[in-house]
Amino acid sequence: MLKIYNTLSRDKQQFVPIDPQAVRMYVCGMTVYDYCHLGHARVMVVFDMVYRWLKKSGYNVTYVRNITDIDDKIIRRAAQNNESIHVLTQRFIDAMHEDADALGVQRPDHEPRATQYVPEMLQMIAQLEARGLAYLATDGDVNYAVRKFDGYGKLSGKSLEDLRAGERVEVTDNKNDPLDFVLWKHSKEEEAEEVKWESKWGSGRPGWHIECSAMASKLLGEHFDIHGGGADLQFPHHENEIAQSEGAHQCQFVNYWMHNGFVRVDNEKMSKSLGNFFTIREVLKQYDPEVVRFFILRAHYRSPLNYSDAHLDDAKKALDRLYTALKSEEGRGEGRALVDWNEAYAARFKSAMDDDFNTVEALAVLFDLANEVNRSQSAELAAQLKSLGAVLGLLERDPTEFLQGGSVAQGVDEALIAAQIVARNEAKLAKNYAEADRIRKVLLAEGIVLEDSAAGTNWRRL
RNA sequence: GGUGCGUUAGCAAAUCGGUUAUGCCCCGGAUUGCAAAUCCGGUUAGCCCAGUUCGACUCUGGGACGCACCUCCA
């Protein structure tokens with residue numbers, strides 16, 4: 001039985017879906033005005049893993065990950081670039097898909113864009129207004145009246161008093177309460193036509209939080225199973241989503257809230273504002289995407305994850321070990337696509353995954369299994385290793401291709417390597433070991449490791 | 001200031017009230033022309049102080065340190 005750590009209750013709970021056969025899951029995606037960084041990579045990979053495991057567990061999963069394609073930062077960036085927001089956002093949506101694809105992230109079932117759901121948002125705001133939870137402020141914005149919603153703060157564990165005591169709460173006169181947030185922003189003269197929508201409150205555009213409430217209920221219903229996102233979205237974003245959805249629909253919004261930990265650099269959160277971020281495409285110039293995916297899955301999704309070259313190098317070596325085990329059984333017996341869940345390693349793997357998606361433990365099982373494969377030379381177990389890896393979106397490539405791909409794309413030409421191997425084998429046959437060792441050393445200096453075996457000489461990149 | 005989370009061996013990172021986590025690194029052995037890979041074995045843990053317990057890294061209390069949220073952020 002699957003257990004999930006629920007932010008709402010702050011403990012692990014038995015997962016019971018609303019519909020026994022199906023799971024409905026929503027994850028907050030990206031605001032598309034720039035390239036995705038490693039923090040975004042973590043959300044995508046983590047919830048991709050969750051998505052895969054739920055499907056593997058037999059559920060019919062509907063996974064929605066939204067795209068925020070209208071907001072202040074987008075408008076500002078488009079103005080800077082002197083381009084339309086549509087052109088800007090489309091470019092970064094395409095880039096996001098490239099990055100996600102590289103990391104082996106499966107496409108969600110729906111990727112709704114905020115700009116395509118404005119009518120639904122307006123309808124929801126009207127509902128909130130009708131219930132007395134929203135009001136038109138003097139400046140023309142429509143705000144949410146936080147103190148009218150019972151239980152505001154239940155997700156983040158904060159009371160309104162605690163929040164007000166915070167030093168950083170901004171004071172604005174057009175809000176009834178400093179914690180009220182914007183549902184609908186009135187248009188400004190200078191804004192482009194493409195960021196203006198008509199409404200009963202006048203021309204404007206949606207606030208950030210309302211899009212998720214509107215799109216989630218449209219695509220998943222008013223009450224669904226799992227809602228995820230980065231830990232920083234807990235407050236205020238997810239708190240506000242609850243206020244909007246439960247305020248408008250008068251029913252429980254989400255049963256299980258999941259939040260992933262941050263990627264850190266030098267022990268500090270990687271973020272746009274700190275400027276200490278690495279984009280996915282930057283990192284992929286240096287490391288194989290599967291290494292990056294493995295690196296992310298190597299830490300528990302709720303724990304902080306420190307980024308550094310040393311850690312990526314370490315991850316690369318660890319993944320090499322798994323692929324090396326697969327390579328030893330390559331070609332022997334066809335790898336079956338299905339996992340034999342009765343087998344001992346698979347059973348351990350499953351119980352690890354069922355324990356709040358403990359990929360760290362699941363990977364430890366894979367290493368134990370790899371050791372067993374090396375020892376037993378069992379093609380059966382190798383197939384099991386491969387298929388368990390595939391559950392996590394790992395180990396799906398040809399082992400030789402992976403091992404020879406190495407960490408850096410460019411390097412010594414393969415034909416040259418082959419020629420050097422031939423030359424070295426000739427030297428070996430002539431018992432000219434000094435020459436043979438010299439060739440091996442030259443290649444090693446280029447990051448190429450030669451491995452002699454009964455079947456011949458293999459090579460791989462460090 | 002308020003709230004929450006964390007502190008595990010050289011590095012990374014899990015589980016667990018008593019039994020080898022795991023990966024990388026390091027040491028010894030097997031194997032190899034020598035290596036590499038692999039196998040066998042080994043060294044290095046649980047921030048500090050109390051308490052509960054037959055027994056605590058694991059539970060409770062206190063302290064120190066770190067991180068995060070309270071403002072846009074995955």
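In what follows, every chain begins at residue 1, and chains take the letters A, B, ... in the order their sequences are listed.
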NA contact type, [X], heavy-atom cut-off 4.0 Å: base, sugar-phosphate, or nothing?
| X | value |
| --- | --- |
| Asp368(A) | sugar-phosphate |
| Gly157(A) | sugar-phosphate |
| Ala364(A) | base |
| Arg438(A) | nothing |
| Asn260(A) | base |
| Ser159(A) | nothing |
| Asn374(A) | sugar-phosphate |
| Leu233(A) | sugar-phosphate |
| Arg375(A) | sugar-phosphate |
| Asn371(A) | sugar-phosphate |
| Arg302(A) | nothing |
| Thr324(A) | sugar-phosphate |
| Val263(A) | base |
| His37(A) | base |

Reckon [X] has a side-chain N or O less than 4.0 Å from the OP1 or OP2 of [N]?
| X | N | answer |
| --- | --- | --- |
| Arg65(A) | A74(B) | no |
| Ser156(A) | G4(B) | no |
| Arg460(A) | A37(B) | yes |
| Arg440(A) | A37(B) | no |
| Arg298(A) | A13(B) | no |
| Asn358(A) | A13(B) | no |
| Trp459(A) | A37(B) | no |

Mind calculating the distance between [atom1] ([X]) and [atom2] ([N]) to the nearest angstrom?
| X | N | atom1 | atom2 | result |
| --- | --- | --- | --- | --- |
| Lys316(A) | C11(B) | NZ | C1' | 19 Å |
| Asp232(A) | G4(B) | CG | P | 19 Å |
| His311(A) | A13(B) | NE2 | C1' | 10 Å |
| Phe367(A) | C24(B) | CZ | P | 7 Å |
| Asp313(A) | C24(B) | CG | P | 14 Å |
| His238(A) | C70(B) | NE2 | P | 13 Å |
| Glu372(A) | U22(B) | CD | P | 14 Å |

Span that lies between the [atom1] atom of [M] and that of [N], in whole angstrom:
| N | M | atom1 | value |
| --- | --- | --- | --- |
| U43(B) | C27(B) | C1' | 7 Å |
| U19(B) | G55(B) | P | 15 Å |
| A9(B) | G46(B) | C1' | 8 Å |
| G61(B) | G6(B) | P | 14 Å |
| C34(B) | G17(B) | P | 49 Å |
| U31(B) | C40(B) | P | 15 Å |
| A45(B) | U8(B) | C1' | 6 Å |
| G51(B) | A13(B) | C1' | 30 Å |

Is it true that [X] and [Y] have ring centroids separated by less than 6.0 Å?
| X | Y | answer |
| --- | --- | --- |
| His209(A) | His238(A) | no |
| Phe253(A) | Phe224(A) | yes |
| Tyr256(A) | Phe15(A) | yes |
| Phe278(A) | His37(A) | no |

### Query
Has Tyr433(A) got its ring stacked on the base of G33(B), with centres under 5.5 Å and planes less than 30° apart?
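Per 5.5 Å and 30° rule: yes, stacked.
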### Task
Ignoring hydrogens and angles, answer whether the base of C72(B) and the side-chain atoms of Lys272(A) contain a donor-acceptor pair closer than 3.5 Å.
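Answer is no: no donor-acceptor pair is held.
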### Query
With a 3.5 Å cut-off and just heavy-atom distances, do the side chain of Asn306(A) and the base of C11(B) make a donor-acceptor pair?
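Flag unset: no donor-acceptor pair detected.
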### Task
Take Tyr301(A) and Tyr33(A), find for each the nucleotide of RNA chain B with the closest heavy atom, and name the residue whose nucleotide sits nearer the 5' end.
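Mapping each residue to its closest nucleotide by heavy atoms, the 5'-most match is Tyr301(A).
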### Message
Taking the nucleotide of RNA chain B with the nearest heavy atom to each, does Arg10(A) or Pro304(A) sit closer to the 5' end?
### Response
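Checking each residue's closest nucleotide, the 5'-ward one belongs to Arg10(A).
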### Task
Please say whether the positively charged group of Arg264(A), taken as NZ for Lys or CZ for Arg, lies over the ring of Tyr307(A), i.e. under 6.0 angstrom from the six-membered ring centre and within 45 degrees of the axis.
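No, a cation-pi geometry is absent between Arg264(A) and Tyr307(A).
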#### Entry: Over-ring placement of Lys56(A) relative to Tyr51(A), 6.0 Å and 45° cut-offs
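No, a cation-pi geometry is absent between Lys56(A) and Tyr51(A).
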### Task
Please indicate whether Asp266(A) has more than 12 foreign heavy atoms, meaning atoms of other residues, nucleotides or ligands, lying under 6.0 Å from its CG.
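Not more than 12 within 6.0 Å, no.
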### Lys3(A) atom NZ, neighbour heavy-atom count above 12 within 6.0 Å
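No, the 6.0 Å shell around NZ holds no more than 12 heavy atoms from other groups.
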